[in-house]
Undergrad: 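My questions all concern the structure below.
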Amino acid sequence: MKVYEKNNSVILEGVADFDPKHIFECGQCFRWHIQDDGSYTGVAKGKVINVSKDNDKIYLNNTNLEEFNTIWYNYFDLGTNYTEIKNTLKNMDEYLDKACEFGWGIRILQQDGWEMLVSFIISSNNRIPMIQKAIENLSRKYGKFIGEYEGKEYYAFPTPEELNKASQEEIRACQTGFRDKYIKSTTESVIKNKENISAYTNLSTEECIKELTKFNGVGPKVGDCIALFGMQKYDTFPVDVWVKRVMQEFYVEEDMSLPKIRKYAIDKFGDLAGFAQQYLFYYARELGIGR
DNA sequence: AACCAGGGGTCGT
DNA sequence: ACGACCCCTGGT
C-alpha cells in the first residue's frame, strides 16, 4: 500500500479489501452518510472526513498524513489482513464463501467505546434512520462544534461529561424515545463510577461483555455490538434479526433460540466470529434473506 | 384521508 | 415467558 498527501487529502494506492459502501453500510456505524457523488462523509474521532474510491485508489479527504498515521490507519483497521480472514472463512462453507465475495470490502472500524455504548443503546428496538437521527441530535445539542464541510455543520459525539448535562427529558427531545432513561442512567453511572470505557479493550471478551451488560439498556445483543465495534472483541457474534434469519436459513433449525445461535456461531467461527457476523449481516440485509 | 400493522432489543412483571 | 416501550414507514 502506497500512502501520500495531496491537497488536504490522503491517497491510498493499492489497498486491498476496502470498499466504502461495504464498510459504512454493514451495520457497524451510524454517522456516515452517502453524498451525491457516491462518496461518504462522516464524523469520527472529533473530525469530519470524506471517503471515496476510484479504481484502486482510496481518497481520504479533509485530512492529512499526520492524522492518517495517528488516527485513520487504526480507525480503518488497515493493519489487519482481511484477505487472510476472508480466505479462512470462505474455506469453512459455501455460504460464507458467497457472503465474503459479496461484501468483499468490509472492514470492522475501530470506533470509540463510549460512542458505541450510547449508540447501540439507541439501536435497541429501533431502525437505522431513527438511530442516525437521534445520534445526530445528541451530537448537535451536546457535542463540540467541529466545523463546516461542504456547506454543512458537523458536531462531535458528546463526551460523558457533556452528555451528563442533559436531563432525561432533553435526551428524549433528541428522539431517543423510551431509551431516554437508559441513556441517562448509563451516562450517570459512567460519571459516578469514573468508568474509563476505552480501558474495556483490555478486558477479556467475556469480562468485557459482562461489564457492559451491567449498564441499563445493554442486553446481550447490544453488549455484543459494543464489544465488537468499540472494543475490538472479534470473537463474539451479535445476533440481531437479520443475523438470526441468515443463520436459520443456512445453518440452524428455525426454532433455535438467540443465545443458542450465538453459541453455535462462536463455536463454529471462533476468533473470526465477529468478522463472519459482518459478512453474513451485510449479505442477508442487502439480499433480504429470510424476509 | 385516516387508520392500523410491522419492525426492532431490553426491561420489568 | 410475555407484554410494554417510541416512532417512522408502508399498506389498506
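Naming convention: chains lettered A, B, ... in sequence-line order (proteins, then strands); numbering from 1 in each chain.
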Undergrad: Starting from C1' on C:dC6, measure out to CD1 on A:Ile131 and report it in whole angstrom.
TA: 13 Å
Undergrad: C:dC7 P sits how many Å from A:Ile122 CD1, rounded?
TA: 13 Å
Undergrad: Enumerate all atom pairs, one protein N or O and one N or O from nucleotides 5-7 of chain B, separated by less than 3.5 Å.
TA:
residue : atom : partner  : partner atom : Å
B:dG6   : N2   : A:Arg127 : NH1          : 2.9

Undergrad: Starting at atom CZ of A:Phe237, determine the distance to atom P of B:dG9, rounded to an integer number of angstrom.
TA: 14 Å
Undergrad: Is any side-chain nitrogen or oxygen of A:Asn216 closer than 4.0 Å to OP1 or OP2 of B:dC11?
TA: yes
Undergrad: Sequence neighbours excluded and cut-off under 3.5 Å, please list the side-chain donor-acceptor pairs for residues 215-225 of chain A, or say none.
TA:
residue  : atom : partner  : partner atom : Å
A:Asp224 : OD1  : A:Thr236 : OG1          : 2.7
A:Asp224 : OD1  : A:Arg262 : NE           : 3.4
A:Asp224 : OD1  : A:Arg262 : NH2          : 3.0
A:Asp224 : OD2  : A:Arg262 : NE           : 2.7

Undergrad: A:Leu212 has an atom CG; how far is it from atom P of B:dG9, in whole Å?
TA: 17 Å
Undergrad: Expressed as a whole number of angstroms, how long is the span from A:Lys244:NZ to B:dG9:P?
TA: 10 Å
Undergrad: Between C1' on C:dC8 and CD on A:Gln132, what's the gap in Å once rounded to a whole number?
TA: 13 Å
Undergrad: When you check the gap from the basic side-chain N to the acidic O, do A:Glu211 and A:Lys214 get nearer than 4.0 Å?
TA: yes
Undergrad: Looking at A:Lys86 and A:Glu101, is any side-chain nitrogen of the basic one under 4.0 Å from a carboxylate oxygen of the acidic one?
TA: no
Undergrad: For A:Tyr4 and A:Phe68, what are the C-alpha separation, side-chain angles and deciding distance, and is it a ring-ring contact (aromatic ring centres under 6.0 Å, His included)?
TA: CA-CA 10 Å; A:Tyr4 53 96; A:Phe68 173 78; over 10 Å; no
Undergrad: Rounded to whole Å, please give me the gap between CD in A:Gln168 and P in C:dC6.
TA: 11 Å
Undergrad: Looking at every strand, decide which applies to A:Pro129 at a 4.0 Å heavy-atom threshold: base, sugar-phosphate, or nothing.
TA: nothing
Undergrad: Taking A:Lys144 for its side chain and A:Gly46 for its backbone only, find out whether a donor-acceptor pair lies under 3.5 Å.
TA: no
Undergrad: If only atom types and distance count, is the side chain of A:Glu153 paired as donor or acceptor with the main-chain N or O of A:Phe145 below 3.5 Å?
TA: no
Undergrad: Send over the distance from A:Ile128 CD1 to C:dT9 P, rounded to a whole Å.
TA: 14 Å
Undergrad: Okay, side chain of A:Thr176, backbone of A:Arg179: is any donor-acceptor separation there less than 3.5 Å?
TA: no
Undergrad: Can you sort out which residues in residues 170-189 of chain A have a heavy atom within less than 4.0 Å of DNA chain C? Ascending by number, please.
TA: A:Arg172, A:Gln175, A:Gly177, A:Phe178
Undergrad: Give me the atom names and distance for the closest heavy-atom approach of A:His33 to A:Gln35.
TA: O-NE2, 2.9 Å
Undergrad: In terms of the nearest nucleotide of DNA chain B, which residue is placed more toward the 5' end: A:Asn126 or A:Phe215?
TA: A:Asn126
Undergrad: For A:Lys2, does its backbone N or O pair with a side-chain atom of A:Glu13 as donor and acceptor, under 3.5 Å?
TA: no
